[in-house]
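Report on one structure; see the data block that follows.
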Amino acid sequence: MVNETMLAIPQGALRKLEFLSGDYSGVQTLYPPGGDVVSYNVSCCIAREACDRFVRIEFFGEVPELGVETFTAMVTFSAADSCYKMWLFSSRSEEPLHMKGELRDHGLVMISQPWVMPWGLQRLRSTFVPYIDGSFELLTELWSPDGYVKFRQTLFRRRALAL
C-alpha cells in the first residue's frame with residue numbers, strides 16, 4: 001500500500017539488479033596485504049526484501065586459519081543522490097561498511113567510505129560482473145596511491161534448484 005507518508009520505491013533501478021538474485025556457491029580467493037593468498041568455499045543468497053525497497057545479500061565463508069566469516073548487506077537506490085547505496089554488516093567488524101555506486105557497462109561498481117580493517121583504514125571498490133550463464137564475479141579491491149589492487153575475487157555460480 002502506498003500513501004503520502006511513504007517515499008516511492010525505486011522499482012526501475014532495483015530491477016536492474018535482478019541479475020544478482022539467487023542462491024550461489026563459489027570459491028573465493030583472498031589476497032591479503034603482506035599475507036599469503038588463500039582460497040576457500042563460500043555461499044550467498046541474494047533476494048529482494050519483502051518491503052521491496054532493498055536487495056538483501058547474505059554471505060557465508062569459512063576462511064582457513066581464521067574461521068567463519070558472514071555478512072548481511074542491504075542495497076538500494078537513492079533517487080536523492082542518483083546512486084546505489086549499500087550497507088554491509090560483517091561478523092568481523094564492529095561498524096558497517098558504507099558504499100555508493102552505479103551500474104556501468106560491465107556491472108555494478110560500488111566504492112566505500114574509509115573502513116577499519118586489520119591493515120588500517122581502507123577504501124574498497126567492489127565490482128559485481130554478471131555472466132550469461134547466470135553466474136557473477138565479485139572483485140573487491142583496496143585503494144592504494146598507485147591505484148586499486150586486488151583484495152578478494154569470487155566467481156559465484158548459481159546453485160541448482162532441489163526438486
Side-chain angles (χ1 to χ4, degrees), residues 13-49 54-77 83-161:
L14 292 174
R15 267 195 294 279
K16 293 177 182 177
L17 301 182
E18 286 296 317
F19 73 89
L20 294 172
S21 293
D23 289 320
Y24 299 90
S25 60
V27 174
Q28 183 161 277
T29 303
L30 184 63
Y31 305 86
D36 294 329
V37 174
V38 62
S39 295
Y40 49 96
N41 293 323
V42 296
S43 62
C44 77
C45 178
I46 304 174
R48 290 281 287 272
E49 275 289 289
F54 298 95
V55 173
R56 180 186 192 101
I57 303 171
E58 296 284 348
F59 172 90
F60 175 87
E62 191 161 349
V63 186
E65 298 184 30
L66 293 177
V68 171
E69 177 184 27
T70 64
F71 70 72
T72 298
M74 303 295 276
V75 183
T76 193
F77 185 82
C83 67
Y84 289 92
K85 292 186 177 184
M86 179 167 68
W87 297 265
L88 185 144
F89 301 88
S90 171
S91 60
R92 297 191 176 268
S93 183
E94 190 174 294
E95 296 294 325
L97 173 68
H98 300 262
M99 301 183 94
K100 291 182 178 183
E102 63 185 0
L103 281 171
R104 297 186 183 163
D105 290 341
H106 61 283
L108 177 65
V109 179
M110 305 291 289
I111 297 176
S112 78
Q113 294 296 315
W115 196 46
V116 176
M117 297 182 74
W119 312 280
L121 202 57
Q122 300 286 324
R123 182 178 300 274
L124 296 98
R125 177 172 65 188
S126 292
T127 305
F128 299 80
V129 180
Y131 292 115
I132 193 116
D133 66 357
S135 61
F136 73 92
E137 181 177 22
L138 175 58
L139 173 63
T140 301
E141 301 163 292
L142 297 175
W143 181 89
S144 79
D146 296 325
Y148 284 95
V149 294
K150 190 185 304 184
F151 170 63
R152 189 184 311 236
Q153 187 170 21
T154 313
L155 177 60
F156 285 102
R157 297 202 180 276
R158 199 174 295 272
R159 288 191 273 213
L161 296 174

Find the distance between [atom1] ([X]) and [atom2] ([Y]) and round it off to the nearest 0.5 Å.
{"X": "Phe151", "Y": "Gln122", "atom1": "CZ", "atom2": "CD", "answer": "8.0 Å"}
{"X": "Phe71", "Y": "Phe89", "atom1": "CZ", "atom2": "CZ", "answer": "12.0 Å"}
{"X": "Ile57", "Y": "Met74", "atom1": "CD1", "atom2": "CE", "answer": "10.0 Å"}
{"X": "Phe54", "Y": "Lys85", "atom1": "CZ", "atom2": "NZ", "answer": "11.0 Å"}
{"X": "Arg123", "Y": "Trp115", "atom1": "CZ", "atom2": "CH2", "answer": "14.0 Å"}
{"X": "Leu88", "Y": "His98", "atom1": "CG", "atom2": "NE2", "answer": "10.0 Å"}

(Q) Applying side chain to side chain contact (heavy atoms under 4.5 Å, CB included) to Val129 and Leu139, what does each step give before you reach the verdict? (A) CA-CA 8 Å; Val129 180; Leu139 173 63; over 6 Å; no
Q. Pick from His106, Glu137, Gln153, Met110: which one makes a side chain to side chain contact (heavy atoms under 4.5 Å, CB included) with Thr127?
A.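 Of the listed residues His106, Glu137, Gln153, Met110, the side chain to side chain contact (heavy atoms under 4.5 Å, CB included) partner of Thr127 is His106.
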Q. So which of Met117, Gln113, Glu141 actually passes side chain to side chain contact (heavy atoms under 4.5 Å, CB included) with Leu124?
A.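 Of the listed options, the one satisfying the test is Met117.
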Q.
For the aromatic rings, using the six-membered ring if either is Trp, is the centroid distance between Phe19 and Phe128 under 6.0 Å?
A.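 Distance test on ring centres: not under 6.0 Å, no.
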Do the side chain of [X] and the main chain of [Y] share a donor and acceptor less than 3.5 angstrom apart?
{"X": "Arg125", "Y": "Val149", "value": "no"}
{"X": "Ser90", "Y": "Arg92", "value": "yes"}
{"X": "Arg158", "Y": "Gly134", "value": "yes"}

(Q) Does either side chain, that of Ser135 or that of Asp133, offer a donor lying less than 3.5 Å from an acceptor on the other one? (A)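 Yes, a side-chain donor-acceptor pair sits under 3.5 Å.
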Q.
Run Val116 and Ser93 through side chain to side chain contact (heavy atoms under 4.5 Å, CB included) and show every step you take.
A. CA-CA 8 Å; Val116 176; Ser93 183; 5.8 Å; no
Q.
Are more than 12 heavy atoms, taken from residues, nucleotides or ligands other than Arg157, located less than 6.0 Å from that residue's CZ atom?
A.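 Counting neighbours around CZ of Arg157, 12 or fewer heavy atoms of other residues, nucleotides or ligands fall under 6.0 Å, so no.
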(Q) side chain to side chain contact (heavy atoms under 4.5 Å, CB included) for Tyr148 and Ile111? Distances and angles first, verdict last. (A) CA-CA 11 Å; Tyr148 284 95; Ile111 297 176; 3.7 Å; yes
Q. Of all heavy-atom pairs between Gly107 and Pro130, which one has the smallest distance, and what is that distance?
A.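 Closest pair (atom of Gly107, atom of Pro130, distance): CA-CD, 4.0 Å.
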(Q) Minimum heavy-atom separation for Gly101 and Cys83, please, with both atom names. (A)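 So the minimum-distance heavy-atom pair works out to O-CB, 3.3 Å.
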Q | Derivation and outcome, side chain to side chain contact (heavy atoms under 4.5 Å, CB included), residues Glu69 and Phe59 | A | CA-CA 8 Å; Glu69 177 184 27; Phe59 172 90; 4.0 Å; yes
Can you give each donor-acceptor pair under 3.5 Å made by side-chain atoms of residues 30-46, sequence neighbours left out, with the distance rounded to 0.1 Å?
{"residue": "Ser39", "atom": "OG", "partner": "Thr29", "partner atom": "OG1", "Å": "2.9"}
{"residue": "Tyr40", "atom": "OH", "partner": "Gln28", "partner atom": "NE2", "Å": "2.6"}

Q: Please name all residues satisfying side-chain hydrogen bond (donor to acceptor under 3.5 Å, both in side chains) with Tyr84, sequence neighbours left out, ordered by chain then number.
A: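 So Tyr84 forms no side-chain hydrogen bond (donor to acceptor under 3.5 Å, both in side chains) with any residue.
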Q) Any salt bridge (charged side-chain N to carboxylate O under 4.0 Å, His left out) pairs touching residues 103-117, not counting sequence neighbours? A)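 Every salt bridge (charged side-chain N to carboxylate O under 4.0 Å, His left out) pair that includes a residue of residues 103-117, provided the two are not neighbours, is Glu102-Arg104.
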